[in-house]
**Q** 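Once you've had a glance at the structure underneath, I'll fire off some questions.
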Amino acid sequence: MALSVHTLPLCRFLVPRPQSTRSQGAPSPRLPLSSAPAPCRHKNQEDNHSYYVSRLYGPSEPRSRQLWVDVAEANRSQVKIHTILSNTHRQASRVVLSFDFPFYGHLLRQITIATGGFIFMGDVIHRMLTATQYVAPLMANFNPGYSDNSTVVYFDNGTVFVVQWDHVYLQGWEDRGSFTFQAALHRDGRIVFGYKEIPMSVPEISSSQHPVKTGLSDAFMILNPSPDVPESRRRSIFEYHRIELDPSKITSMSAVEFTPLPTCLQHRSCDACMSSDLSFNCSWCHVLQRCSSGFDRYRQEWMDYGCAQEAEGRTCEDFQDEYHNSASPDTSFSPYDGDLTTTSSSLFIDSLTTEDDTKSNPYAGGDGLQNNLSPKTKGTPVHLGTIVGIVLAVLLVAAIILAGIYINGHPTSNAALFFIERRPHHWPAMKFRSHPDHSTYAEVEPSGHEKEGFVEAEQC
């Protein structure tokens, strides 16, 4: 599914930033490629990124060792070696967490582990997983399939979820040695990057075949009218925030800890939202009963319900007065009332074709149908066969729509599997064409042979 990805530059933070905590004004000297960074120069560095506070711990600091999760000593029933990811290159696989993990204020239960040293945190799998919505301790062109000793391991004990890329090698740079590092997602929202073995300077790693990134990113998705097909809509991803760590600070036995900061989404009432002293411009949307700055994963809803306009110059007392004076809920209007069925059907069609445009519902309706069914006191009476034909056509269209909604909501049902098996390409797994500027990933497919509790996918 091809998506256009945009970056909102005003919400992008880099590390180090201009307002650096260094005592000297001059930037750090660039190290020659032949030398590794000196461990003794690492200091505890702290930066505020609006959504998170990051703290970097050098190899000589005890905290860096305390943050490392020793997967080898964990309960074996809670540790799993992903045999597919451990034997492939540029593959990704969905994993369900045992707890809700808050990421930029959004509670997530599913994440996608990629062989390239990062975790994709988005809901929609697309061809540019490396672009945004990631947790990346060290995103690079790692190939776990190169060595039998390379593994991708994950561990979940109910309070922390850890992904460890163990003894993995860079594609084309195997002679430089193996990397061992991990990303830990804590239930309280903390994110920890731990680095055990980094055999070379990270700035040396080439990004010509695969992006090289260390940090966090999140984005929201909106639907825009397609310029090519007027009746269709195109999904676009807008990155509203990114944290980029200084790659020269990533060395063996170092660690980075991200502590989440409060966001507008945590406020559950109008009073708490409007009185918030956060740096975000929090506004209350009465129809959604949600506090937001407008820049989060719910932006599409925020725009569709006109929340930005609703909140202008309004107080909580105004919302309460409107609530008491409003009509009953049965007579209220919802922006989605008219096209809820169309949206469900469109998503089903989009999933099957793996295109980036959400097709409009093809069935006909409206005034023409109503005119045919409306009784007339004048003119020629409608023939009984015509009425029966119209009714049967409506029922057939309704059955198709309901079937589409059911299959879309139950992808593992017998009906869904019937259509999936008879398609020329698989779904929901996506295999992408190579692109000169972006690395592409394939999701581990649900069809195939079982292998130690995992589903085996064919190579791209």
Side-chain angles (χ1 to χ4, degrees), residues 31-39 42 56-60 64-65 67-74 76 79-93 95 113-120 129-130 134-155 162-184 192-215 245-256 439 441 444 452 454 459-460:
L31 293 170
L33 297 182
S34 59
S35 63
H42 279 269
L56 172 66
Y57 300 96
S60 60
S64 63
R65 289 171 172 77
L67 293 174
W68 178 265
V69 179
D70 194 344
V71 176
E73 295 184 358
R76 293 200 171 197
V79 179
K80 295 183 179 179
I81 299 177
H82 203 301
T83 54
I84 299 176
L85 296 183
S86 300
N87 292 279
T88 55
H89 180 220
R90 292 192 180 183
Q91 291 271 351
S93 177
V95 175
I113 304 173
T115 55
F118 68 99
I119 304 172
F120 178 69
L129 298 187
T130 60
Y134 55 73
V135 170
L138 182 52
M139 180 191 297
N141 195 18
F142 291 108
N143 180 14
Y146 171 77
S147 171
D148 293 338
N149 294 327
S150 301
T151 56
V152 179
V153 185
Y154 64 94
F155 162 73
V162 181
V163 181
Q164 181 167 312
W165 293 264
D166 195 73
H167 292 95
V168 293
Y169 292 83
L170 284 170
Q171 180 82 352
W173 294 67
E174 292 84 2
D175 59 334
R176 302 303 294 269
S178 65
F179 293 70
T180 298
F181 55 94
Q182 63 181 214
V192 176
F193 295 165
Y195 305 94
K196 186 176 182 180
E197 295 178 5
I198 306 296
M200 60 185 292
S201 176
V202 175
E204 287 187 67
I205 302 176
S206 173
S207 59
S208 60
Q209 301 296 324
H210 191 290
V212 179
K213 302 178 183 179
T214 55
L245 301 177
D246 184 353
S248 65
K249 300 296 191 294
I250 305 304
T251 61
S252 298
M253 300 312 300
S254 63
V256 181
S439 64
Y441 276 78
V444 172
E452 297 186 12
F454 294 99
Q459 276 272 39
C460 277

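The figures that follow rest on heavy atoms only: side chains count, while hydrogens, waters and symmetry mates do not.
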**Q** Heavy-atom distance under 4.5 Å between the side chains of Ser86 and Ile81, does that happen here?
**A**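 SC-SC contact between Ser86 and Ile81 confirmed.
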
**Q** Nearest 0.5 Å please: distance from the CG atom of Leu56 over to the CD1 atom of Ile250.
**A** 6.5 Å

**Q** Can you name the nearest heavy-atom pair linking Gly58 to Ser64, along with the distance?
**A**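 So the minimum-distance heavy-atom pair works out to O-OG, 3.2 Å.
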
**Q** Run the ring-centre check on His167 versus Tyr146 and record whether the distance is less than 6.0 Å.
**A** no

**Q** Can you give me the closest heavy-atom contact between Val153 and Thr151, atom names plus distance?
**A**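 It is CG2-OG1, 3.6 Å.
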
**Q** Of all the heavy-atom pairs spanning Pro203 and Pro247, show the shortest one and how long it is.
**A**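 What the structure gives for the nearest pair is CD-O, 3.9 Å.
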
**Q** May I have the step-by-step check of side-chain contact (heavy atoms from CB on, under 4.5 Å) for Met253 and Ile198, ending in yes or no?
**A** CA-CA 8 Å; Met253 300 312 300; Ile198 306 296; over 6 Å; no

**Q** Going by the rule side-chain hydrogen bond (donor to acceptor under 3.5 Å, both in side chains), which residues pair with Gln164 if we only count those two or more places apart in sequence or in a different chain?
**A** Asp166, Gln182

**Q** Between Thr115 (side chain only) and Gln91 (backbone N and O only), is there a donor and an acceptor less than 3.5 Å apart?
**A** yes

**Q** Are Val202 and Lys249 close enough that some pair of their side-chain heavy atoms sits under 4.5 Å apart?
**A** no

**Q** Can you confirm whether Asp148 is buried at CG, in the sense that more than 12 heavy atoms of other residues, nucleotides or ligands lie under 6.0 Å from that atom?
**A**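 Incorrect, the count does not exceed 12.
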
**Q** For the residue pair Ala140 and Ile205, what are the closest heavy atoms and their distance?
**A** CB-CG2, 4.2 Å

**Q** Could you check whether any side-chain N or O of Arg65 sits under 3.5 Å from a backbone N or O of Pro59, counting only pairs where one atom can act as donor and the other as acceptor?
**A** yes

**Q** Between Thr214 and Val256, is any pair of side-chain heavy atoms under 4.5 Å apart?
**A**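 Not touching, per the 4.5 Å side-chain cut-off.
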
**Q** What orientation do Tyr441 and Phe118 show, parallel under 30°, tilted 30 to 60°, or perpendicular over 60°?
**A**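 Taking Phe118 first and then Tyr441, their aromatic rings stand perpendicular (interplane angle over 60°).
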
**Q** Are any non-hydrogen side-chain atoms of His82 and Ile113 less than 4.5 angstrom apart?
**A**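 His82 does not reach Ile113 side chain to side chain.
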
**Q** Between Ser178 (side chain) and Tyr169 (backbone), is there a donor-acceptor pair under 3.5 Å?
**A**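 Not at all, since once roles are kept as given, no pair shorter than 3.5 Å links the two residues.
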
**Q** Mind telling me whether Phe142 and Phe179 have parallel, tilted or perpendicular rings, with 30° and 60° as the class edges?
**A** perpendicular

**Q** Is Gln171 close to Gln209 at the side-chain level, that is, under 4.5 Å between some pair of heavy atoms?
**A** no

**Q** Strictly distance-based, threshold 3.5 Å: is any side-chain N or O of Ser206 a donor or acceptor partner for the main-chain N or O of Ser208?
**A**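 Yes: the side chain of Ser206 pairs with the backbone of Ser208.
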
**Q** Considering all heavy atoms of both residues, which atom of Asp246 and which atom of Ser248 are nearest to each other, and what is their separation?
**A**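 For Asp246 versus Ser248, the nearest heavy atoms are OD1-OG, 2.9 Å.
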
**Q** Rounded to the nearest 0.5 Å, what separation is found between the CG atom of Asn141 and the CZ atom of Arg90?
**A**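 The distance works out to 4.5 Å.
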
**Q** Can Arg176 and Leu170 be said to form a side-chain contact (heavy atoms from CB on, under 4.5 Å), step by step?
**A** CA-CA 8 Å; Arg176 302 303 294 269; Leu170 284 170; over 6 Å; no

**Q** State, to 0.1 Å, how close Pro144 and Ser150 come at their nearest heavy-atom pair, and which atoms those are.
**A**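 Minimum heavy-atom separation between Pro144 and Ser150: O-CB, 3.2 Å.
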
**Q** If we check side-chain contact (heavy atoms from CB on, under 4.5 Å) with Val163, which of these qualifies: Val71, Val95, Ile119?
**A** Ile119

**Q** Name the one of Phe193, Phe181, Tyr195 that satisfies ring-ring contact (aromatic ring centres under 6.0 Å, His included) with Trp165?
**A**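 The passing option is Phe181.
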
